[in-house]
There are 2 protein chains.
Amino acid sequence: MGSEDRLQRITMTPAARRVLEAAARLFYERGIHAVGVDLIAAEAGVTKKTLYDRFGCKEQIVVEYLADRDERWRAFLAGHLDAAPAAPAARVLAVFDASREWAAQHSHKGCSMVNAHAEISDPAHPAYPIITGQKQWMLTLFTDLARDIIPERAGHLGRTLMLLHEGALVAQGLNIYADPIGHAREQAHALLAAT
Amino acid sequence: MGSEDRLQRITMTPAARRVLEAAARLFYERGIHAVGVDLIAAEAGVTKKTLYDRFGCKEQIVVEYLADRDERWRAFLAGHLDAAPAAPAARVLAVFDASREWAAQHSHKGCSMVNAHAEISDPAHPAYPIITGQKQWMLTLFTDLARDIIPERAGHLGRTLMLLHEGALVAQGLNIYADPIGHAREQAHALLAAT
DNA sequence: GGGTAGGTATACAGATCGGTATAGTTAAGG
DNA sequence: CCTTAACTATACCGATCTGTATACCTACCC
């Protein structure tokens, strides 16, 4: 949480919000390097001057895009976990349910973090820790949930759930077959039942 | 096979080969849009004119890059499958072994097809069928292998293996934890043993 | 021995890139 | 009433982008 605060601190005026919305849509849909600031400004209905007054540089827009997406996803997931039954296995399945719903709404092209990682190679890039941070956080989450099921093999189970989840996101983005997240959920269910 | 022949047909002179090698390395490492033709030509020790005489346009270099990588991977995998025991389960594990070895050698940043898909949004792009084609081919392979184990649930098992495999490639590329492909192999083994 | 294929070297064209400069507008707040 | 923040509009900068043009070299092959 602290890391996002240090990175993502920008006066979120109405125009800035429109810029971020347009940038998020374009970056996700076409890729980061393929989208220029002129296009972002035009799509946001905003002058380039305003854009640069708010964000300073394109790199900062990228950082805000990923940090915002990360924040929204965590909040979305938290909502699903709060609404889920207390049974440990049900909470694991709630993660997959959240992912399926999220994918249907915002991400038909796979995980934005994975996609961004394909374009951002330099670990010194300010957006880099956001990408790896979310994945580490997800692994920790799965491991924590696994600890309530089989404490002695929490790490092992957590890593397996992570694999199923990431694989499902890729399969969903590349349209390899229908409803891979549902399939992953089913596999997770079988895995937990066998324990 | 037929589709690659139609797409990838370029006179592979020594200079063209050097261009392709440089482009493959740079595209994979830094992303496709982030790498310019001038850099490719310089790294290949070749004039821009030669580059354009061989490939015509940058897009064609991208196509050759992905088609070549796809071809190499399939040949690499075929070698591992040929060397594997005839037992169906062993052949499944051989795929994961091949992936682990391939990743250690050529791909520390995840699957080049998935990464390229993050940058190529347009399905009309000539490289698009190469990307989706490889994933479909892998799903078919897993399903065919699964058919020799439990014919009545081959599709189901094939999709699960695909999930584990894709998830492992992502986890490996993002460095989420150590040796995810080995972990996926282990899970595949447990899955087949339980059948 | 002349044509052709595969090169090198260099210069350039037109578009687009990220980013800046200048000038003016509008609304809120002490 | 005057300042300031948040904007619009437009023009511009230098760098970099994909792609082309011109001229020359060299080996091979019929």
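Atom CG of A:Asp38 is separated from atom P of D:dT10 by 14 Å (rounded to the nearest Å). One atom, CD1 of A:Ile40, and another, P of C:dG19, lie 11 Å apart when rounded to the nearest Å. When rounded to the nearest whole Å, the span between NZ of A:Lys48 and P of C:dT22 equals 16 Å. D:dT20 atom P lies 15 Å from atom CZ of B:Phe55, rounded to whole Å. Here C:dC17 presents its P atom at 15 Å from CD1 of A:Ile32, a figure rounded to the nearest Å. Atom CD1 of B:Ile61 is separated from atom P of D:dT18 by 9 Å (rounded to the nearest Å). One interatomic measurement links the two molecules: OH of A:Tyr52 to P of D:dC7, which rounds to 17 Å at whole-angstrom precision. Straight-line distance from the CZ atom of A:Arg17 to the P atom of D:dA6: 13 Å, rounded to whole Å.
Within the 4.0 angstrom heavy-atom criterion, no nucleotide atom of any strand lies near B:Asp53. Residue-level contact check: A:Thr13 touches the backbone only, with heavy atoms under 4.0 Å from sugar-phosphate atoms and none from bases.
Among C:dG18, D:dT8, D:dG19, the nucleotide with an atom closest to any side-chain atom of A:Val37 is C:dG18. Here the side chain of A:Lys49 is nearest to one of C:dA23, C:dG19, C:dG6, namely C:dA23. The side chain of A:Ala15 sits closest to D:dC7 out of C:dT10, D:dC7, D:dT8. Taking only side-chain atoms of A:Arg18, from C-beta outward, the nucleotide of D:dT8, C:dC17, D:dG19 with the closest atom is D:dT8.
Contact between the side-chain N/O atoms of B:Arg54 and the OP1/OP2 oxygens of C:dA5 is not found at any separation under 4.0 Å. Regarding contacts with the backbone of D:dT8, a side-chain N or O of A:Thr50 is found under 4.0 angstrom from either OP1 or OP2. Residue A:Thr11 places no side-chain N or O under 4.0 Å from the OP1 or OP2 atom of D:dA5.
B:Met138 CE to B:Trp73 CH2: the interatomic distance, rounded to the nearest 0.5 Å, is 5.5 Å. Of the inter-residue distances, the one linking B:Gln136 atom CD with A:Leu174 atom CG reads 9.5 Å to the nearest 0.5 angstrom. In this structure, OG1 in A:Thr160 is found 11.0 Å from CZ in A:Phe142, a value given to the nearest 0.5 Å.
Between B:Tyr128 and B:His117, the two ring planes are tilted [angle within 30° to 60°].
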Evaluate B:Arg25 against B:Glu43 for salt bridge (Lys or Arg N to Asp or Glu O under 4.0 Å), listing each step before the verdict.
CA-CA 10 Å; B:Arg25 180 169 42 83; B:Glu43 291 275 304; 3.2 Å; yes

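A:Lys58 contributes no side-chain N or O that forms a donor-acceptor pair with the base of C:dG19 under 3.5 Å.
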